[in-house]
There are 4 protein chains.
Amino acid sequence: MPKVTVEHRLARRAQIVAAARHCVIEQGFHKTTMADVIRESGLSAGAVYGYFRSKDEIVEAIADDALSAVGELFEDILAMPDPLPLGQAMRKVLDHVVDIAERPGGDVTRVALQAWAEAVHNPAIAAIAAAKWTPLRSHFAAIVRRAQAGGSLPPDADPDHVAQALFGLLPGFLMQRLLLGDVTPESYADGIDALLGSHPQR
Amino acid sequence: MPKVTVEHRLARRAQIVAAARHCVIEQGFHKTTMADVIRESGLSAGAVYGYFRSKDEIVEAIADDALSAVGELFEDILAMPDPLPLGQAMRKVLDHVVDIAERPGGDVTRVALQAWAEAVHNPAIAAIAAAKWTPLRSHFAAIVRRAQAGGSLPPDADPDHVAQALFGLLPGFLMQRLLLGDVTPESYADGIDALLGSHPQR
Amino acid sequence: MPKVTVEHRLARRAQIVAAARHCVIEQGFHKTTMADVIRESGLSAGAVYGYFRSKDEIVEAIADDALSAVGELFEDILAMPDPLPLGQAMRKVLDHVVDIAERPGGDVTRVALQAWAEAVHNPAIAAIAAAKWTPLRSHFAAIVRRAQAGGSLPPDADPDHVAQALFGLLPGFLMQRLLLGDVTPESYADGIDALLGSHPQR
Amino acid sequence: MPKVTVEHRLARRAQIVAAARHCVIEQGFHKTTMADVIRESGLSAGAVYGYFRSKDEIVEAIADDALSAVGELFEDILAMPDPLPLGQAMRKVLDHVVDIAERPGGDVTRVALQAWAEAVHNPAIAAIAAAKWTPLRSHFAAIVRRAQAGGSLPPDADPDHVAQALFGLLPGFLMQRLLLGDVTPESYADGIDALLGSHPQR
DNA sequence: AATGAATGAGGTTTCATTCAT
DNA sequence: TATGAATGAAACCTCATTCAT
């Protein structure tokens with residue numbers, strides 16, 4: 001019984017999550033079997049169950065992980081002293097989504113889509129999704145308020161409603177990218193710019 | 001019971017699809033078992049397999065069905081002699097989505113979300129999704145061109161890119177409605193209106 | 001309710017047996033489903049069950065039919081005024097087996113092999129096999145006795161034992177023909193002739 | 001129960017094969033269900049499928065096993081310095097067949113008969129049968145060549161043809177023994193001896 | 001802590017047979 | 001007689017999880 005450090009435990013956990021993510025990216029949550037995860041992780045069944053009590057717990061871990069990815073960016077955007085014009089902010093967000101999708105380890109946006117679908121009938125995943133989306137929309141609302149202050153959006157609009165729409169553009173981007181493959185940050189941002197009535201500002 | 005009319009066969013098929021849809025709405029594609037569908041349909045296992053060769057085939061049928069629902073509206077919108085202003089067109093589309101979701105028989109948008117997720121690793125569903133989305137986006141592009149002709153959108157914008165964005169608003173609406181529950185056609189359309197060049201045109 | 005003649009009934013029965021034989025030749029007794037037989041026969045399920053009470057009854061019918069085929073020849077051989085030399089008799093029998101196998105309608109010897117295997121654990125088929133084999137061996141014994149009378153076989157040998165061996169050559173011929181494909185009546189008869197120690201008499 | 005020796009695994013495999021053989025001897029390949037094998041083996045479904053990927057694989061294993069049994073003897077016969085007279089060699093072979101049939105564990109010759117029938121429409125089994133029969137016939141051909149050298153068979157006969165006939169006597173022996181029950185190595189060998197034209201040499 | 005063989009409930013699908021029309 | 005849709009028991013196989021070592 002070797003003593004095991006906390007780092008070791010965390011590394012093992014990450015190893016399992018990575019393996020599971022890999023499987024889920026290729027097969028989805030349900031076609032991915034524990035045997036798949038075990039094989040891919042290089043550990044034994046017993047070991048995996050030493051770190052996660054059930055398959056559901058692993059699913060929640062990779063869902064959490066995938067749903068967190070988009071949120072990261074906003075710290076940066078909101079930390080900027082001069083508020084970005086809306087169009088440029090969206091461009092940055094879309095670039096970030098593609099960046100995430102192309103990270104080594106596999107396209108996490110595929111996992112995110114799985115998680116959204118799963119959330120519909122799995123309360124644990126629904127809770128995770130809500131917990132990730134709510135602050136994300138708040139970030140959009142903050143950006144909207146800045147834009148209103150800067151005069152590029154009507155001051156009487158409800159920032160939460162505008163945030164719904166801005167945030168609402170993301171799933172559609174991600175899904176068209178995944179399923180149709182003909183959408184890029186550029187094309188999508190161009191479309192948004194046209195809607196914004198403003199002339200694209202790069 | 002031999003010699004059965006075509007209507008009978010179609011009715012039976014619809015009965016099975018309805019039963020399957022009911023199950024999928026509540027449990028998703030994968031937790032729905034054939035036993036569930038069989039019980040819910042009121043038929044026997046053999047009967048169900050007389051109408052569908054496999055569970056996959058049933059899944060494809062309800063996916064097709066769910067992914068078709070949104071498209072229906074556009075015949076109406078595009079048939080109107082006087083082009084709708086963009087904001088109003090989007091409002092109509094969002095109302096339609098809610099209308100679909102509240103139809104008796106269960107919220108089909110939940111099935112649609114399942115189908116999108118499934119499409120990521122199921123080529124048959126991916127094909128269906130692509131087949132349904134492509135004309136839908138074309139409809140949006142047609143609306144965009146009308147708006148450009150009417151001067152409410154910049155004439156140099158690529159209509160296909162704008163259509164990507166407009167169409168891209170729908171999954172986000174649907175998902176926020178399903179998972180957060182605080183989005184309505186009104187709130188979302190208000191947000192879109194604010195984005196639309198700031199001069200809401202109602 | 002049209003009146004149906006006896007000939008009609010017999011024709012229908014033969015039609016079903018032919019269809020079933022066709023299936024069994026290609027797939028064996030057990031992989032052949034009633035649906036296969038029904039489709040192949042061109043009749044309806046109900047019709048087929050009007051002529052045979054069960055699949056087992058059909059199986060028995062084609063087994064009987066296949067196990068009868070070899071026996072036909074002996075009437076001819078034994079009716080000959082001048083007894084055939086043993087080697088030539090065997091040659092005639094082997095030719096007959098190939099003749100049967102090549103009849104239109106499919107190679108019945110494949111069915112015979114199925115039936116022998118089935119007889120091991122199916123008393124009805126075992127009874128049929130015994131009923132067909134016993135007279136067949138008697139015919140061989142009769143031939144043996146003629147040969148003994150003619151001096152070409154030791155007079156003190158038990159004709160029944162010799163008949164066992166002669167009859168016993170047939171399954172081996174049939175099986176090597178079916179499974180290895182390198183055995184012909186000529187090659188096999190040559191081998192037998194060599195064993196007969198006698199100088200081949202053609 | 002992890003970390004299990006190779007012997008353990010082989011023993012388990014043998015346990016499953018024995019259980020399956022037991023079932024097949026009594027019911028044949030097709031009436032034998034996996035549930036039967038599982039029950040008889042004393043293992044669980046999952047355990048059985050841990051050793052064999054499918055029922056077909058189990059069937060192939062017992063077919064291989066059954067078709068191998070007769071071949072064993074020939075090493076002995078051919079190793080003898082003084083070639084056996086043909087009649088005596090056949091007697092030995094027939095005794096060996098009965099010996100095999102009476103081994104504890106059940107009459108494998110019943111399985112062999114199943115396998116021959118199965119081979120007709122199952123390429124995997126056909127391949128096994130061919131692989132087992134070909135060397136067996138070669139052994140017979142070797143015996144024939146010795147007999148020719150010793151003068152007890154005509155030197156101009158094709159040894160392969162004679163081997164076909166000698167080998168061909170076996171299925172007929174086995175089947176008459178199984179289905180009619182009135183054939184013994186003695187009776188059959190007597191019959192063969194009579195055919196050999198030679199006077200029985202015991 | 002780690003292993004991985006074993007468990008067994010439960011999944012999908014088939015198929016001989018029936019019976020209302 | 002004839003039809004063929006319907007039945008439902010039972011087939012094969014999977015897989016999340018456990019636990020003796």
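None of the values given here were measured: they were computed from a predicted structure. Lettering follows sequence order; numbering is per chain, from 1. Basis for what follows: all heavy atoms, side chains included, without hydrogens, waters or symmetry-related copies.
Sorted by first then second residue, the salt bridge (Lys or Arg N to Asp or Glu O under 4.0 Å) pairs that include residues 14-23 of chain C, not counting sequence neighbours, are C/R21-C/D65. Within the structure, salt bridge (Lys or Arg N to Asp or Glu O under 4.0 Å) pairs that include any residue of residues 24-33 of chain B do not occur (at least two apart or interchain).
For F/dC15, the OP1/OP2 oxygens have no side-chain nitrogen or oxygen of B/H30 closer than 4.0 Å. Between B/H8 and E/dT21, a side-chain N or O to OP1/OP2 separation shorter than 4.0 Å is absent.
Atom P of nucleotide F/dC12 and atom NZ of C/K31 are separated by 13 Å, given to the nearest angstrom. Protein atom CD1 of C/I16 is 13 Å distant from nucleotide atom P of F/dT1, rounded to whole Å. In this entry the distance linking CE of C/M34 with C1' of E/dT18 reads 12 Å, nearest Å. Regarding A/Q27, its CD atom lies at a distance of 13 Å from the C1' atom of F/dC15, rounded to whole Å. In this structure, D/Q15 places its CD atom 15 Å from P of E/dA5, rounding to the nearest Å. Residue D/I38 contributes atom CD1, which lies 16 Å from atom P of F/dA10 at whole-angstrom precision. Atom CZ of B/R13 and atom P of F/dA5 are 14 Å apart (whole Å). Between C/F29 atom CZ and E/dA16 atom P there is a gap of 14 Å when expressed in whole angstrom units.
A side-chain donor-acceptor contact under 3.5 Å links B/S54 to the backbone of B/E57. Between the side chain of B/T109 and the backbone N or O of B/A112, no donor-acceptor pair lies under 3.5 Å. Side chain of A/Q114 to main chain of B/A117: a donor-acceptor pair is present (N/O by atom type, distance under 3.5 Å, no hydrogens or angles).
For the segment residues 41-49 of chain D, residues with any heavy atom less than 4.0 angstrom from an atom of DNA chain E are, sorted by number, D/L43, D/S44, D/A45, D/G46, D/A47. Using a 4.0 Å cutoff on non-hydrogen atoms, no part of residues 116-126 of chain C comes near DNA chain E. For the segment residues 51-62 of chain B, residues with any heavy atom less than 4.0 angstrom from an atom of DNA chain E are, sorted by number, B/S54, B/K55.
Annotation for C/A61 and C/F52: closest pair CB-CE2, 3.9 Å, computed over non-hydrogen atoms. Nearest heavy-atom pair across A/S41 and A/V48 is OG-CG2, 4.0 Å. The shortest heavy-atom contact between C/K132 and C/S68 is NZ-OG, 3.0 Å. Taking every heavy atom of both residues into account, D/I128 and D/D64 meet most closely at CG2-CA, 3.7 Å. Across every non-hydrogen atom of A/S44 and A/I38, the tightest pair is C-CG2, 4.0 Å.
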Checklist line | Per-nucleotide pairing state of DNA chain F [Watson-Crick or G-U, under 3.5 Å; [ ] pseudoknot-crossing; | other strand] | finding: .||||||||||||||||||||
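Toward the 5' end of DNA chain F, the nearer of the two residues B/R9 and C/R12, judged by each one's closest nucleotide, is C/R12.
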Next item on the list: Quick one: do C/I62 and C/F29 satisfy side-chain contact (heavy atoms from CB on, under 4.5 Å)? Show the steps, please.
Entry: CA-CA 10 Å; C/I62 55 182; C/F29 284 144; 3.7 Å; yes
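Between C/I58 and C/Y51, every side-chain heavy-atom pair lies at or beyond the 4.5 Å cut-off. Using a 4.5 Å heavy-atom threshold, the side chains of A/V37 and A/T32 count as touching. The side-chain heavy atoms of C/Q27 and C/T33, taken from C-beta on, include no pair separated by under 4.5 Å.
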